[in-house]
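See below for the structure under consideration.
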Amino acid sequence: MEKYVIRGGKPLVGDVNIGGAKNAAVAILPATILAGGKCLIENLPCISDVMASLQILSELGASIRMVSRSTYEIDTSHLDSTEVSNELSRQMRASYYFLGALLGRFGSGQVAMPGGCNLGPRPIDQHLKAFTAFGAEDSVEYGQIHVRSEHLVGGHVFFDTVSVGATMNAMLAAVLAEGTTILENVAREPHIVDLANFLNMMGADVHGAGTDVIKIHGVKEMHGCNYSIIPDQIEAGSYMVAAAITKGDITLHNVIPKHMEPITAKLRAAGCEVEEFDDALRIQRTGELKPLKLKTMPHPGFPTDMQPLMTALLTLAKGTSIVTEGIWENRFRYVDELIRMGASIQVESNIAIINGIEQFSGTSVTVPDLRAGAALVIAGLAAQGVSVLEDIVYIKRGYEDFAEKLTSLGGIIEEVETEKD
Ligand code: EPZ
């Protein structure tokens, strides 16, 4: 078991490169199944969720060649299975994208009920609603979801809730279905647009991604292509907050400033200076942090995945902040850990009331999930004294070289094996 040992109190200063977007990569990798050919995927982040997706593809029979740490060639011409193994599908929630892609290409797909971060109930009824609208049947037995259809046809789906996963899964299943599909009340995150662009590069006919209606004309077949994944909005946002919380000055490279706007707006309101360039952003904080009210919402609202990081930041603001979680039922579990570091936060249902304090104090905390883990890391970097973070395996699901990148910015963070303590 690895842990982070963090000595806080140093401002983070310098340049950092942002990797490819996790939540685009975990949909684009299963989408290569639809090509039935060779795809070269660039800008893949080197994180455990991507490694698990590649392993699933390999187990299904794809041949995979590593070209560099961030580029893989994936050949899905000859797959010999439509069942994702139990162990791998339970490792990450996004394994559900294999259902849509396998159903789309072979008319059958099976995965275990997905695992991943525990943020409260994580139903997939909207995914199944879309598959049913395309003429598929589903069944759940012994913890396995199986979807199948003799003949997939396009359909009209009005989603009951805005869901990133259901939107992408419906797109994966619909691109090869016969006829036209209309998806309404869809998610508009940058990774939805990225998946649509990738599908179109493979020969699909998808329109409207990025708006709340997506129209898809089914095509008879698709083909391989070369594709580079967009930069990770949440990884970038995490380094922005790391600069803000440590009174630092960081320039982020390989970002799309437009994707960062919901985060940039809140950080400016909290007292940070943000300069935007073509594919870079510079953030610095010199003055005090101001308290804020914020509510997480689907894109282009403030992203839920940044909520734990902003809560950590606002703990050091002068005054009272109110953070409302609008997406997940149970995304404040990490607050107890921040309180152990000195924070004064009360959680009532989906609202956190944060009374600003002067400084965090280092202690031992346990990482409950990916983004909460990142929040505890940045709290540790701002804290007085030493913080020890257990269960950092969650962080590795979504942050490439987190400790190395923070160290290069002047942070003091070391990854140690438990035995070495
Ligand atoms: C994606 O999860 C991300 N994960 C999450 O990021 C992110 O928090 C979330 O979108 C919201 O932006 C991946 O992309 C792998 P949803 P997803 O379907 O697709 C409800 C991270 O830290 N819902 O948009 O699973 C659901 O309960 C992770 O990187 C249904 O009711 O989220 C939630 O309240 C954590 N029925 C809301 O919709 C469904 O069938 C949004 O969920 C599906 C979802």
Side-chain angles (χ1 to χ4, degrees), residues 24-42 44 53-54 56-65 71-84 94-111 127 130-138 146-157 166-183 186 191-209 214-229:
V26 293
I28 282 174
L29 289 172
T32 61
I33 290 174
L34 296 162
K38 241 182 226 174
C39 293
L40 187 80
I41 310 294
E42 294 170 4
L44 277 167
S53 304
L54 289 167
I56 292 174
L57 281 168
S58 164
E59 281 195 8
L60 294 174
S63 50
I64 294 176
R65 189 170 68 85
T71 304
Y72 283 78
E73 186 185 77
I74 300 155
D75 187 349
T76 58
S77 311
H78 307 288
L79 299 193
D80 45 30
S81 170
T82 57
E83 290 174 25
V84 177
S95 56
Y96 53 44
Y97 290 128
F98 283 92
L99 277 181
L102 289 166
L103 178 67
R105 173 149 169 221
F106 298 109
S108 175
Q110 187 170 319
V111 303
H127 304 230
F131 299 155
T132 307
F134 306 153
E137 287 174 8
D138 58 80
H146 186 192
V147 290
R148 62 201 160 275
S149 162
E150 293 281 304
H151 180 56
L152 217 55
V153 288
H156 191 152
V157 186
T167 302
M168 304 233 254
N169 234 342
M171 289 160 73
L172 294 171
V175 283
L176 287 170
E178 189 184 319
T180 301
T181 291
I182 296 175
L183 307 174
V186 295
H191 30 290
I192 304 281
V193 179
D194 207 33
L195 176 65
N197 289 341
F198 176 59
L199 293 170
N200 286 339
M201 289 278 281
M202 290 194 297
D205 191 357
V206 180
H207 299 267
I214 293 178
K215 197 168 180 181
I216 300 170
H217 297 288
V219 293
K220 286 217 159 30
E221 57 177 19
M222 291 164 66
H223 49 76
C225 69
N226 293 1
Y227 195 77
S228 181
I229 290 175

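These numbers come from a predicted model, not from an experiment.
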Exercise. Under 3.5 Å, is there a donor-acceptor pair between the side chain of Ser108 and the main chain of Leu103?
Worked result: no
Exercise. How many angstroms lie between SG in Cys39 and CD1 in Ile33, if you round to the nearest 0.5 Å?
Worked result: 10.5 Å
Exercise. Do Glu59 and Val84 come within less than 4.5 Å of each other through their side chains, counting heavy atoms only?
Worked result: no
Problem set entry | Distance in Å, Glu73 CD paired with Leu40 CG, rounded so as to fall on 0.5 Å steps | 6.0 Å
Problem set entry | Asn169 side-chain N/O to Leu99 backbone N/O, donor-acceptor pair under 3.5 Å | no
Problem set entry | Exam field: side chain Asn200 to backbone Val206, donor-acceptor pair closer than 3.5 Å | yes
Seminar exercise, completed: Sorted by chain and residue number, the side-chain contact (heavy atoms from CB on, under 4.5 Å) partners of His151 (sequence neighbours excluded) come out as Val153, Glu178
For this session: Would you give the length of the straight line joining atom CG of Leu60 to atom OG1 of Thr76, rounded to the nearest 0.5 angstrom?
Result: 10.0 Å
For this session: First locate atom NE2 of His217, then atom NE2 of His207, and finally report the distance between them rounded to the nearest 0.5 Å.
Result: 5.0 Å
Exercise. Between Thr167 (side chain) and Val186 (backbone), is there a donor-acceptor pair under 3.5 Å?
Worked result: no
For this session: Taking all non-hydrogen atoms of both residues into account, name the closest pair between Phe134 and Gly154 and its distance.
Result: CD2-C, 4.2 Å
For this session: Output all residues satisfying side-chain contact (heavy atoms from CB on, under 4.5 Å) with Ser228, sequence neighbours left out; order by chain, then residue number.
Result: Glu42, Asn43
Seminar exercise, completed: So CE of Met168 and NE2 of His191: to nearest 0.5 Å the spacing works out to 5.0 Å
Problem set entry | Smallest separation among heavy atoms of Val175 and Ala204, with atom names | CG1-CB, 3.6 Å
Problem set entry | Residues, nucleotides or ligands: over 12 heavy atoms within 6.0 Å of His78 NE2 | no
Problem set entry | Shortest non-hydrogen contact between Leu176 and Glu221, atoms and distance | CD2-CA, 3.8 Å
Seminar exercise, completed: Minimal heavy-atom distance between Leu79 and Ala62, with the atoms involved, is CD2-N, 3.3 Å
For this session: Give the minimum heavy-atom separation between Tyr97 and Ala27, together with the two atoms involved.
Result: CD1-CA, 3.7 Å
Exercise. Between the side chain of Tyr227 and the main-chain N/O of Met202, is any donor-acceptor distance below 3.5 Å?
Worked result: no
Exercise. Rounded to the nearest 0.5 Å, how far does CG of Asp205 lie from CG of Leu199?
Worked result: 11.0 Å
Seminar exercise, completed: Across all chains, not counting sequence neighbours, the side-chain contact (heavy atoms from CB on, under 4.5 Å) partners of Ala133 are Val157
Seminar exercise, completed: Nearest heavy-atom contact between Arg105 and Ser77 is NH2-O, 3.2 Å
